[in-house]
Amino acid sequence: MTAPNRKQAAPCGTWSSPITAHVVAAGAAPLSQVMLDGADVYWLAGRASEGGRNTLLRQRAGTVEEVTPAPFNVRTRVHEYGGGAFAVAGGGVWFSHYADSCLYRIGEDGEPAPICAGGTLRYADFVADAARKRLVGVREDHSPGHAYPVNTICAIGFDGRETVLVDGNDFYAAPRISPDGRQLAWLCWDHPRMPWQGTELWVADIAGDGSLLNGRLVAGGPSESICQPEWSPSGVLHFVSDRTGWWNLYRFDDGVVAALCPREAEFGGPHWTFGGAMYGFRSASEIICTYIEQGVSKLARLANGQLTPIDNPYQEIRELRVCGDTLAILGGAPTIALELARIDLAGGKREVLARSIANVPDAGYLSVPRTISYPSANGRTAHAFFYPPANADFEPAAGERPPLIVIGHGGPTGMATSTLKLATQFWTSRGIAVLDVNYGGSTGFGRAYRDALQGQWGVIDVEDCVAGARYLADQQLVDRERLVIRGGSAGGLTTLCALTFHDVFKAGASYYGVSDLAGLDADSHKFESHYNEYLIAPKARADAVYAERSPIHHTDKLKRPMIFFQGLDDKVVPPQQSEVMVQALRTRGVPVAYITLEGEGHGFRKADSIVRTLEAELYFYLRIFGIPIPQGLAPVAIENLAA
């Protein structure tokens with residue numbers, strides 16, 4: 001006998017949900033940068049309730065403790081995106097404090113003490129060279145007198161003295177000291193390349209006085225992307241390279257580079273931030289690694305060229321660290337928010353040490369995504385995760401198809417994943433479907449897919465988002481008349497171009513999005529200052545292509561309502577990128593709303609910012625589509641919209 005349907009029929013968008021904006025903000029506890037020091041596990045936890053402060057936590061002897069009390073914020077702005085903000089070794093802890101860019105050491109009394117002046121100098125990706133009583137890391141010098149900051153690999157003595165070890169390249173990353181302390185490996189690259197286009201792997205001998213001798217190039221070049229160099233316990237250098245079109249594992253031994261496991265899978269990722277790790281050594285002959293196939297992460301042992309799967313519940317693995325039989329892993333899945341787990345490789349026991357969301361909502365309010373691939377322009381195939389509406393208490397009114405929000409991720413060399421995100425479930429639990437698109441240019445599908453965006457930013461990413469919306473509408477899974485697109489940063493450009501040059505979407509939301517490509521070049525920081533030469537056009541042709549592709553020059557074609565969100569401290573996409581677009585829409589009489597946030601940069605970290613933006617975006621869509629406004633939802637000023 002069929003159980004009666006106890007769900008209430010109600011218009012999509014009006015469903016009440018336990019996943020409120022406050023719940024999303026409370027659950028916004030980012031976890032990052034896992035490290036192991038013997039049996040101790042260290043990691044960073046972001047605290048939205050403390051203005052987005054990153055604090056360093058440690059699990060020791062089964063107890064979790066905070067290593068860096070307020071107001072210390074373990075974060076660095078090297079390359080603006082940061083990462084690699086702390087190091088641990090032999091019980092010692094060193095970290096970068098965001099407020100003053102200074103490096104601190106945790107003393108025996110547990111109190112942080114500075115070991116450098118900070119100020120115009122920033123540090124990242126540092127490792128301990130205990131035998132020489134120093135750190136070796138990437139230093140970025142913002143002293144006046146240079147068009148751009150000067151990047152080097154630098155030694156920072158525990159007494160504060162600094163010595164430049166390697167200079168002359170535009171960028172450096174991943175300085176790694178061999179187990180015997182006699183060699184240093186590092187990555188470098190130069191403009192106009194980004195690190196996922198071409199990097200070089202160098203090795204040098206470390207002299208008795210700590211300087212470097214006999215530096216030599218061992219792999220890489222203008223068209224080969226190398227990432228994560230690591231030394232095995234026996235002193236053999238390993239790294240990840242995409243020389244075959246896929247980021248695979250290699251070793252460099254006796255002057256010979258050898259592939260360890262050729263496979264159409266990604267064992268590495270784009271170097272947006274420092275300090276990532278997708279493999280580690282259980283022993284000199286066994287590697288524990290994660291890799292991505294068709295957008296989904298796998299975990300395995302690699303020995304003698306053979307991959308052996310390791311059972312685990314995760315479909316996204318962001319980072320892992322290995323020490324003997326201990327594996328520390330940052331992972332998530334459609335019903336598992338990002339979490340930090342310790343796995344005993346010998347016995348298989350898994351212990352969760354930290355969760356990005358303390359209280360996951362009941363499964364009845366969670367939408368489990370479907371992985372879809374669909375046809376896009378010019379015979380290409382695009383990939384995405386489709387989240388249908390889900391709510392234990394409600395269903396659509398008779399004959400109603402849900403609105404759809406299409407998300408274009410940032411980067412644009414980024415990747416959409418299926419890990420549980422309350423910010424996505426906020427929409428689906430209210431009756432609004434979501435399509436999270438891995439458009440051409442995304443990571444996780446090989447270099448050819450990533451390079452599809454070369455010269456085509458604002459075209460292929462847009463085509464894949466448009467095609468995804470049409471595909472779902474043709475399948476009668478969503479309402480063709482209520483299609484929305486939203487995105488942040490690079491995804492903001494995708495959003496603006498989709499609304500300007502296509503007529504599929506009926507509204508949009510731009511979070512610190514790019515509207516003027518020429519303006520982006522003028523305001524860009526060093527790391528991305530030449531990125532548009534790859535994404536759009538070389539400088540000789542840039543002006544014409546920028547004018548053709550920048551939404552700000554085609555506002556006469558933009559007739560769809562938009563809401564803009566902008567952090568006023570954003571140095572990556574400065575506020576004027578949003579302001580000029582808002583003014584253009586305001587002047588043309590197109591419905592527009594503009595929300596600015598004090599103290600926020602490129603990405604919103606504060607709890608009140610997360611609440612404000614989510615609620616404002618929901619209110620905006622409901623007003624635009626004439627959907628009843630739930631009681632208690634704060635109104636947003638929408639210009640050019642009739643009452």
Side-chain angles (χ1 to χ4, degrees), residues 12-13 15 17 19 292-297 314-316 332-337 361 363-377 380-392 394-396 400-410 414-445 449 460-488 491 494-495 498 502 504-509 617-618 621 625:
C12 293
W15 303 354
S17 167
I19 308 174
I292 302 170
E293 285 185 329
Q294 293 299 305
V296 176
S297 295
Y314 305 118
Q315 294 186 24
E316 179 197 7
T335 57
I336 302 174
Y365 299 95
L366 300 180
S367 175
V368 176
R370 290 165 36 196
T371 301
I372 65 171
S373 299
Y374 54 88
S376 188
R380 292 182 295 103
T381 297
H383 310 283
F385 295 105
F386 173 57
Y387 295 79
N391 188 304
F394 292 93
E395 63 184 6
E400 183 186 17
R401 297 190 182 96
L404 172 71
I405 294 176
V406 173
I407 300 175
H409 63 69
M415 179 182 174
T417 67
S418 62
T419 290
L420 173 64
K421 305 174 192 68
L422 290 185
T424 299
Q425 304 294 332
F426 175 85
W427 302 107
T428 56
S429 63
R430 283 169 173 74
I432 301 172
V434 171
L435 183 70
D436 206 354
V437 181
N438 273 314
Y439 50 75
S442 301
T443 296
F445 303 89
Y449 194 79
I460 280 181
D461 49 323
V462 176
E463 290 173 344
D464 289 355
C465 288
V466 167
R470 284 178 171 158
Y471 175 80
L472 293 177
D474 290 344
Q475 299 290 315
Q476 299 187 6
L477 296 173
V478 297
D479 185 349
R480 192 182 301 273
E481 298 305 315
R482 295 189 293 179
L483 303 176
V484 173
I485 185 167
R486 75 192 297 264
T494 303
T495 294
H502 299 265
V504 171
F505 297 104
K506 311 304 180 184
E617 190 178 353
L618 174 61
Y621 297 149
F625 293 129

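Please read these numbers as outputs of a predicted model, since none were measured by experiment. Side-chain atoms are counted along with the backbone in the values below, which use heavy atoms only and exclude waters and symmetry mates. We're numbering straight along the sequence, starting at 1.
Side-chain atoms of K506 and F625, non-hydrogen and from C-beta on, do get closer than 4.5 Å to each other. Using a 4.5 Å heavy-atom cutoff, the side chains of Y374 and T381 are not in contact. A heavy-atom distance below 4.5 Å is not found between the side chains of L483 and V406. The side-chain heavy atoms of F426 and L618, taken from C-beta on, include a pair separated by under 4.5 Å. Put simply, the side chain of I372 does not reach to within 4.5 Å of the side chain of F385, judged on heavy atoms. Counting only heavy atoms from C-beta outward, the side chains of E617 and R486 approach each other to under 4.5 Å. Within the 4.5 Å cutoff, the side chain of S418 has no heavy atoms near those of the E316 side chain.
A distance of 9.5 Å separates CD1 in I485 from NE2 in H502, rounded to the nearest 0.5 Å. Note: F386 CZ to S367 OG = 7.5 Å, rounded to the nearest 0.5 Å. With values rounded to the nearest 0.5 angstrom, S429 atom OG is found 6.0 Å from N391 atom CG. Separation of atoms CD1 (I407) and CG (L435) is listed at 8.5 Å; rounding is to 0.5 Å. Of the inter-residue distances, the one linking T335 atom OG1 with L420 atom CG reads 7.0 Å to the nearest 0.5 angstrom. For the atom pair CD1 of I405 and OH of Y387, the computed distance is 13.0 Å after rounding to the nearest 0.5 Å.
Across every non-hydrogen atom of V368 and P334, the tightest pair is CG1-CB, 4.1 Å. Between I292 and S297, the shortest heavy-atom contact is CG1-OG, 3.9 Å. Taking each heavy atom of V462 and A498 in turn, the nearest pair found is CG1-CA, 3.6 Å. Across every non-hydrogen atom of A377 and E463, the tightest pair is CB-OE1, 3.4 Å. Shortest non-hydrogen contact noted between P375 and A467 is O-CB, 3.6 Å. Of all heavy-atom pairs spanning C12 and P403, the tightest one is CB-CD, 3.5 Å.
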Dump the intermediate steps for side-chain contact (heavy atoms from CB on, under 4.5 Å) on L366 and I19, then the final yes or no. CA-CA 9 Å; L366 300 180; I19 308 174; 4.3 Å; yes
Evaluation steps, side-chain contact (heavy atoms from CB on, under 4.5 Å), between T419 and Q315: CA-CA 7 Å; T419 290; Q315 294 186 24; over 6 Å; no
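Aromatic ring centres of Y365 and W15: separated by at least 6.0 Å.
With sequence neighbours left out, the side chain to side chain donor-acceptor pair (under 3.5 Å) criterion links S376 to D464. Shown here are the side chain to side chain donor-acceptor pair (under 3.5 Å) partners of Q294, two or more places apart in sequence or in another chain: there are none. For the side chain to side chain donor-acceptor pair (under 3.5 Å) test, no residue two or more places apart in sequence or in another chain qualifies with D436. The side chain to side chain donor-acceptor pair (under 3.5 Å) search around Q425 returns T428, not counting sequence neighbours. Scored by the ring-ring contact (aromatic ring centres under 6.0 Å, His included) test, Y449 finds H383, F445 as partners (sequence neighbours excluded).
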Cut-off 3.5 Å, no hydrogens considered: what does the side-chain donor-acceptor table look like for residues 469-478, sequence neighbours left out?
| from | atom 1 | to | atom 2 | distance (Å) |
| --- | --- | --- | --- | --- |
| D474 | OD1 | R480 | NH1 | 3.4 |
| D474 | OD1 | R480 | NH2 | 2.7 |
| Q476 | OE1 | R401 | NH2 | 3.0 |

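Between the side chain of N438 and the main chain of A416, a donor-acceptor pair closer than 3.5 Å is present.
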